[in-house]
Structures are given as C-alpha cells and as structure tokens.
**Q** 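This is the structure I have questions about; it appears just below.
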Amino acid sequence: MYRVRRKEVTTDNNVTLTPRATDRLSRFLEADKLVPVGGKPLELIKEKKLPSNDQFAAAKILYDVVNQHMKYSKEGKGWGNGDAVWACDSKFGNCTDFHSLFISMARGNKIPSKFEMGFSIPAERGAGPIAGYHCWAWFMPQGKGWNPVDISEANRFPQMKDYYFGNLTEDRVQFSTGRDIDLEPRQKSTSLNFFIYPYVEVAGQSYPADKITRSFAYQDLK
C-alpha cells in the first residue's frame, strides 16, 4: 500500500522540470531493444523540416506526426510491446506503442527522451479497482528542462491534443522509468522490456505472467 500525493504537471517554454543529478542524459539518447534511433521511425519524418535551433518546436512536430500516424486501438495482435518499428507499420496500438515511436524519433534527432510507466486513476474522486497500466514520455530540449507528452491520450481525446504536449493530468501515478530494465537483485532472465506488473522467477526461469494473479485499487483520502 502506498500513500501518494498526485499533482498536475504543467510546463511551457520557460517553466519545466529541472533534470535530477541522477539523470544520465546520454542514456536517454541511446537506443533500446525495441526503440531504435534510426530506420523506419525516422523515415516517417524525412519529408518534415525540423528546426535545427529549436528542439522544443521540433518535438512538437514529432508529437503531431505520431498522433496523425497512429490510431489508439487494442484490437488484434502485436500492440502493447512498445515496438517503434511495429508501430510504424501497424499504425495503431496502445500507449507503449505511441510513446516508443515518439522516443525513437526524438532520440534520432538528438533530443533526450524517456519512457515512464504507471497507472491511471479515475478522474472522479472515490475508490475502486484500477484496470491496468498507462505510460507517457518526457523530452528535454536543449537549454530547457523535461517536458511531458501523452500522445495516446491526445489521440483518444482530440480536444486535449494541445494540452497533452507539455502537460499531464493528475489522474496518474508514476511507477518506473525506462526500458530494458534490470531489477535489483538482477533477474536471471533477459532484461525486462518495461516494468509495471509483478515479475516472478522460479528456479531461475521467468514464470508466465498469465499465471500470476494481480489486482490494483485506489482510494482518494480527500
């Protein structure tokens, strides 16, 4: 059980979140296993002229490209792995797919960016179950702090498209940051694609996630 104070994140060109001393910014320019810094994601923007001296404006173009290219949908197979190349080809997916594509494009244009995983909390005050995870991304233009984006929510709620570039609603709780994750103590299997649900190993082998019973709930205290 955790007691969490949730706050809306609001930023603009001048008010951003300062990088922490522990932020290894070079890592946020590197590829992840399913998030390359070249190839198909960059081909999507080869006809776009990105401003070379304004990474904030460049990121807005990338945000719009992803939002226009993708459709939020969890039908069929393949979605939910955060595979940027798959997202290019499929043109649909959930939050992991949207933000992996954005991060791939951003890093490919030398804009540090990172992936955050957490849970959505209903906007209405009360208590009840939480259906599942949600994720979003952050980018850091040169000379500024971290700015958030939630492109999948912008796609689901077009009237919020401008808001979700640089702002996050308070109806969420951040849980982990990054991809290709090694736990402490380190798991014996390969690095985790991302970390949000309980991970179990038995005799040094990953235990099937579909055999693990899990549930999440929230309660507003005021």
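Since the structure is predicted, the reported quantities are computational estimates derived from the model, not experimental observations. The first residue in the sequence is number 1, and the count goes up from there.
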**Q** Linking I/L/V/M/F/W/Y whenever their side-chain heavy atoms sit closer than 4.5 Å, directly or via other members, would Leu192 and Val200 fall into one cluster?
**A**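 As far as the 4.5 Å side-chain criterion goes, Val200 and Leu192 are not connected within one cluster.
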**Q** Give me each pair satisfying salt bridge (Lys or Arg N to Asp or Glu O under 4.0 Å) with a member in residues 169-180, each pair once, sequence neighbours excluded.
**A**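 Qualifying pairs: Arg125-Glu170, Asp150-Arg172.
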**Q** Answer yes or no: is there a donor N or O on one side and an acceptor on the other, between the side chain of Asn167 and the main chain of Tyr163, under 3.5 Å?
**A**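 Side chain of Asn167 to backbone of Tyr163, a donor-acceptor pair under 3.5 Å: yes, one is there.
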**Q** Please report the closest heavy-atom contact between Lys49 and Ile61, naming both atoms and the distance.
**A**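 Residues Lys49 and Ile61, closest heavy atoms: O-CD1, 3.9 Å.
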**Q** Within this structure, what is the CZ-CD1 distance for the pair Phe102 and Ile111, rounded to the nearest 0.5 Å?
**A**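 Reported to 0.5 Å precision, the distance equals 7.0 Å.
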**Q** If I compare all heavy atoms of Leu42 with all of Val37, which pair ends up nearest, and what's the gap?
**A**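 The pair with the smallest heavy-atom distance is CD1-O, 3.4 Å.
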**Q** Does Gln205 have more than 12 heavy atoms from other residues, nucleotides or ligands lying within 6.0 Å of its CD?
**A**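 Result for CD/Gln205: open.
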**Q** Check Lys110 against Pro112 and note the closest heavy-atom contact, atom names and distance.
**A**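 Scanning both residues, the minimum pair turns out to be O-CD, 3.6 Å.
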**Q** Got Pro41 and Pro36 here, is their nearest side-chain heavy-atom distance under 4.5 Å?
**A**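 Result yes, sub-4.5 Å side-chain heavy-atom pair found.
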**Q** Once rounded to the nearest 0.5 Å, what's the spacing between atom CG of Asn94 and atom NE2 of His99?
**A**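 With rounding to 0.5 Å, CG (Asn94) is 10.0 Å from NE2 (His99).
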**Q** Do Gln219 and Met1 pass the side chain to side chain contact (heavy atoms under 4.5 Å, CB included) test, and can you show the C-alpha distance, the side-chain angles, and the key distance before you say yes or no?
**A** CA-CA 11 Å; Gln219 179 180 358; Met1 179 180 296; over 6 Å; no
**Q** Are the aromatic ring centres of Phe165 and Phe139 under 6.0 angstrom apart?
**A**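 Yes, the ring of Phe165 comes within the 6.0 Å limit of the ring of Phe139, centre to centre.
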**Q** Nearest 0.5 Å, what's the OG-CG distance between Ser100 and Asn81?
**A**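 So the gap between those two atoms works out to 9.0 Å.
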**Q** Please identify each residue that fulfils salt bridge (Lys or Arg N to Asp or Glu O under 4.0 Å) with Arg5, with sequence neighbours left out.
**A**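 Not a single residue meets the salt bridge (Lys or Arg N to Asp or Glu O under 4.0 Å) criterion with Arg5.
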**Q** Are any side-chain N or O atoms of Arg107 and backbone N or O atoms of Ser113, one a donor and one an acceptor, separated by less than 3.5 Å?
**A**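 Confirmed, Arg107 side chain pairs with Ser113 backbone.
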**Q** Can you tell if the side chain of His134 reaches within under 4.5 Å of the side chain of Ser152, non-hydrogen atoms only?
**A**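 Yes; the side chains approach each other to less than 4.5 Å.
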**Q** In Å, rounded to the nearest 0.5 Å, how long is the span from CD1 of Ile181 to CG of Asn193?
**A**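 Those atoms lie 8.5 Å apart.
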**Q** What closest approach, in Å, do Ala87 and Asp97 show between heavy atoms, and which atom pair accounts for it?
**A**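 Between these two residues, the closest heavy atoms are CB-O, 3.8 Å.
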**Q** Give the cluster check for Trp138 versus Leu29: same hydrophobic cluster or not, with ILVMFWY residues linked at side-chain heavy-atom distances below 4.5 Å.
**A**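 No, because Trp138 and Leu29 fall into different hydrophobic clusters, even though each may have its own neighbours under 4.5 Å.
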**Q** State, to 0.1 Å, how close Val9 and Pro148 come at their nearest heavy-atom pair, and which atoms those are.
**A**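 It is CG1-CG, 3.9 Å.
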**Q** Any salt bridge (Lys or Arg N to Asp or Glu O under 4.0 Å) pairs touching residues 194-209, not counting sequence neighbours?
**A**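 Applying salt bridge (Lys or Arg N to Asp or Glu O under 4.0 Å) to every pair that reaches into residues 194-209, excluding sequence neighbours, yields nothing.
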**Q** Under a 4.0 Å N-O cut-off, is there an ion pair linking Asp220 with Arg6?
**A**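 Salt bridge: yes.
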**Q** Do the side chains of Tyr133 and Phe194 get nearer than 4.5 Å, heavy atoms only?
**A**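 Of all side-chain heavy-atom pairs linking Tyr133 with Phe194, at least one is under 4.5 Å.
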**Q** Determine, for Glu153 against Arg156, whether the closest basic-nitrogen to carboxylate-oxygen distance falls under 4.0 angstrom.
**A**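 Looking at Arg156 together with Glu153, the answer is yes, because their closest N to O distance falls below 4.0 Å.
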**Q** With heavy-atom distances below 4.5 Å as the criterion, would you say the side chains of Lys91 and Lys71 are in contact?
**A**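 They are not in side-chain contact.
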**Q** So how far is it from Asp83 CG to Asp32 CG, rounded to the nearest 0.5 Å?
**A**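 With rounding to 0.5 Å, CG (Asp83) is 11.5 Å from CG (Asp32).
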**Q** When rounded to the nearest 0.5 angstrom, what is the spacing between CH2 in Trp136 and CE in Met117?
**A**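 Output value for this atom pair is 9.0 Å.
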**Q** Looking only at heavy atoms, which two atoms of Arg186 and Ser191 are closest? And how far apart?
**A**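 Heavy atoms only, the tightest pair is NH2-OG, 3.7 Å.
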**Q** Can you get from Phe92 to Leu101 by hopping between Ile, Leu, Val, Met, Phe, Trp and Tyr side chains that sit under 4.5 Å apart?
**A**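 The answer is no; the residues belong to distinct hydrophobic clusters.
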**Q** For the pair Trp146 and Phe28, name the ring-plane relationship: parallel under 30°, tilted 30 to 60°, perpendicular over 60°.
**A**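 Judged by the thresholds at 30° and 60°, the geometry between Trp146 and Phe28 is perpendicular.
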**Q** After noting the C-alpha distance and the side-chain angles of Gln187 and Asp182, does the key distance pass the side chain to side chain contact (heavy atoms under 4.5 Å, CB included) rule?
**A** CA-CA 7 Å; Gln187 71 276 13; Asp182 292 330; 3.5 Å; yes
**Q** Within the side chain of Asn155, is there an N or O that forms a donor-acceptor pair under 3.5 Å with the backbone of Met70?
**A**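 At least one qualifying donor-acceptor pair exists.
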**Q** Same cluster for Leu44 and Trp79 if Ile/Leu/Val/Met/Phe/Trp/Tyr side chains link at under 4.5 Å?
**A**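 Different clusters: Leu44 never reaches Trp79 through Ile, Leu, Val, Met, Phe, Trp or Tyr contacts under 4.5 Å.
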**Q** Are Val85 and Leu62 in one and the same hydrophobic cluster, where Ile, Leu, Val, Met, Phe, Trp and Tyr link if side-chain heavy atoms are under 4.5 Å apart?
**A**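 No; Leu62 is not reachable from Val85 via cluster members.
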**Q** Among Tyr164, Phe98, Tyr72, which one satisfies side chain to side chain contact (heavy atoms under 4.5 Å, CB included) with Ile151?
**A**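 By the side chain to side chain contact (heavy atoms under 4.5 Å, CB included) criterion, Ile151 pairs with just one of Tyr164, Phe98, Tyr72: Phe98.
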**Q** Verify whether the ring centers belonging to Phe175 and Tyr197 lie closer than 6.0 Å.
**A**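 No - the distance between ring centres of Phe175 and Tyr197 does not fall below the 6.0 Å cut-off.
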